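This is a predicted model, so every value here is computed, not measured.
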Amino acid sequence: MATQAVTDQGKRTRDSILGTASQLIYANGVAATSLDKILAACGAGKSQMYHYFKNKQQMVEAVIEYDLERILANQPLIGELRTWENFDQWVEDLLDLHRGPGGPSACPLGNLTGELGSDSTYAPLIDKAYRTWESYLARGLTLLQDKGELAADADPGRLAQATMACLQGGLLLSHIRRDIIPLSDALHIALESLKRHRVGG
């Protein structure tokens, strides 16, 4: 793991390097993004970078974590999924996000998966990020199950995984086609699938 920033200035420097690395990797891929290009773009010095990241591998590992944090920050409701209405709103918030300028945008983790999904070093880290994202959905579904609003024989983990598969496929097609409809259809199909296990109401 990278050395932790211990001061506010250090954190800002580290975040600046990571943010720049994330943007360049998103646009150009890992292979085409050198450490020198990152440093030139963010204005940091090599000594600053090597204080936090020993090499490019550590940088990419940190970018995976950084991208996940950004993804979750753009979905504030994902940590508050307690009702079926919350799930409905989570979907609408996601669609609104991708209707904005530059959308529909590709998922940063999806981009990394396309390039690094067969890499034994990075693939487990990307999978861990996806599983962390899924865990918020599974937790919301488990809360519904505990309240008797999701069938007792439903598997929250499997349902969350299926929802993620719909989300990622929808993002991919919407981005390449510059059309929100594939994402909208995929997410609403996921919602319909979840609600087949709904109890009452």
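Between the side chain of E115 and the backbone N or O of A31, at least one donor-acceptor pair lies under 3.5 Å. For the pair S193 (side chain) and I189 (backbone), a donor-acceptor distance under 3.5 Å is absent. A donor-acceptor pair is defined here as one N or O able to donate and one able to accept, closer than 3.5 Å; no such pair exists between the side chain of S16 and the backbone of R12. With hydrogens and angles ignored, the 3.5 Å screen pairs a side-chain donor or acceptor of K56 with a backbone N or O of V30. Side chain of S174 to backbone of G170: a donor-acceptor contact under 3.5 angstrom is found. In terms of modelled atom types and a separation under 3.5 Å, the side chain of D93 and the main chain of W90 share no donor-acceptor contact. A donor-acceptor contact shorter than 3.5 Å links the side chain of Q145 to the backbone of A154. Put simply, the side chain of H175 never gets that close to the backbone of L171: no donor and acceptor are under 3.5 Å apart.
In the hydrophobic clustering of this structure, Y50 groups with V60; members are Ile, Leu, Val, Met, Phe, Trp, Tyr whose side-chain heavy atoms approach within less than 4.5 Å, directly or through other members. Under a hydrophobic-cluster definition in which Ile, Leu, Val, Met, Phe, Trp and Tyr are linked whenever side-chain heavy atoms come within less than 4.5 Å, directly or via other members, L68 and L77 are assigned to the same cluster. Cluster annotation: Y26 and I71 are assigned to distinct hydrophobic clusters (Ile/Leu/Val/Met/Phe/Trp/Tyr, side-chain heavy-atom contacts under 4.5 Å, transitive). In terms of hydrophobic clustering, with Ile, Leu, Val, Met, Phe, Trp and Tyr side chains grouped at heavy-atom distances under 4.5 Å, L194 and M164 are assigned to a common cluster. Both L167 and L95 are members of a single hydrophobic cluster when ILVMFWY side chains are connected at heavy-atom separations under 4.5 Å.
In this structure, CZ on R14 lies 10.0 Å from NE2 on H51, to the nearest 0.5 angstrom. With rounding to the nearest 0.5 Å, the separation of CD in E192 from NZ in K195 is 8.5 Å. Distance check, rounded to the nearest 0.5 Å: OG1 of T132 to CD of E69 gives 10.5 Å. Atom CG of residue D15 and atom OG1 of residue T20 lie 10.5 Å apart, to the nearest 0.5 angstrom. To the nearest 0.5 Å, atom CG of residue L18 and atom OH of residue Y52 are 10.5 Å apart. Once rounded to the nearest 0.5 Å, the distance linking CG of N28 with OG1 of T33 reads 5.0 Å.
Taking the side-chain hydrogen bond (donor to acceptor under 3.5 Å, both in side chains) definition, one finds that D96 meets it with R99, sequence neighbours left out.
The shortest distance between side-chain heavy atoms of S184 and H188 falls below 4.5 Å. Between R131 and K128 there is no side-chain heavy-atom pair separated by less than 4.5 Å. Looking only at side-chain heavy atoms (C-beta outward), Q48 and L39 stay at 4.5 Å or farther from each other. Residues W84 and L191 have side chains not in contact (no heavy-atom distance under 4.5 Å, counting atoms from C-beta outward).
The two residues L109 and A129 come nearest to each other via the heavy atoms CD1-CB, 3.9 Å. Taking all atoms of both residues into account, the shortest heavy-atom contact from I38 to L24 is CA-CD1, 3.8 Å. Closest of all the heavy-atom pairs between L137 and T163 is CD1-CG2, 4.0 Å. The two residues G79 and Y136 make their nearest non-hydrogen contact at CA-CD2, 4.0 Å. In this structure, Y66 and G19 approach most closely via the heavy-atom pair OH-CA, 3.4 Å. The two residues L187 and V91 have their closest heavy-atom pair at CB-CG1, 3.8 Å.
Salt bridge annotation for K11-D8: absent, with no cationic side-chain nitrogen under 4.0 angstrom from a carboxylate oxygen.
Residues in residues 178-187 take part in no salt bridge (charged side-chain N to carboxylate O under 4.0 Å, His left out) pair, two or more places apart or across chains. Among residues at least two apart or in separate chains, salt bridge (charged side-chain N to carboxylate O under 4.0 Å, His left out) pairs with a member in residues 18-43 are D36-K46.
A donor and an acceptor atom, one from each side chain of S22 and D67, are located under 3.5 Å apart. For the residue pair E61 and Q57, a side-chain donor N or O sits within less than 3.5 Å of a side-chain acceptor on the partner. Between T113 and Y130, the side chains place a donor N or O and an acceptor N or O closer than 3.5 Å (distance only, hydrogens not considered).
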Go through R139 and L81 one step at a time and tell me if the side chain to side chain contact (heavy atoms under 4.5 Å, CB included) criterion holds.
CA-CA 8 Å; R139 184 175 66 181; L81 296 173; over 6 Å; no
Could you please spell out the steps behind the side chain to side chain contact (heavy atoms under 4.5 Å, CB included) verdict for F87 and L144?
CA-CA 11 Å; F87 276 87; L144 288 173; 3.8 Å; yes
Begin with the C-alpha distance, continue with both residues' side-chain angles, and end with the deciding distance and a verdict on side chain to side chain contact (heavy atoms under 4.5 Å, CB included) for D155 and L159.
CA-CA 6 Å; D155 184 335; L159 292 174; 5.6 Å; no
Would you sort out whether L173 and L183 count as a side chain to side chain contact (heavy atoms under 4.5 Å, CB included), showing the intermediate values?
CA-CA 7 Å; L173 286 181; L183 178 59; over 6 Å; no
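Summarising the local packing, CZ of R158 is surrounded by 12 or fewer heavy atoms from other residues, nucleotides or ligands at distances under 6.0 Å. Under a cut-off of 6.0 angstrom, the local environment of CD1 in I176 is sparse, with at most 12 non-hydrogen atoms contributed by other residues, nucleotides or ligands.
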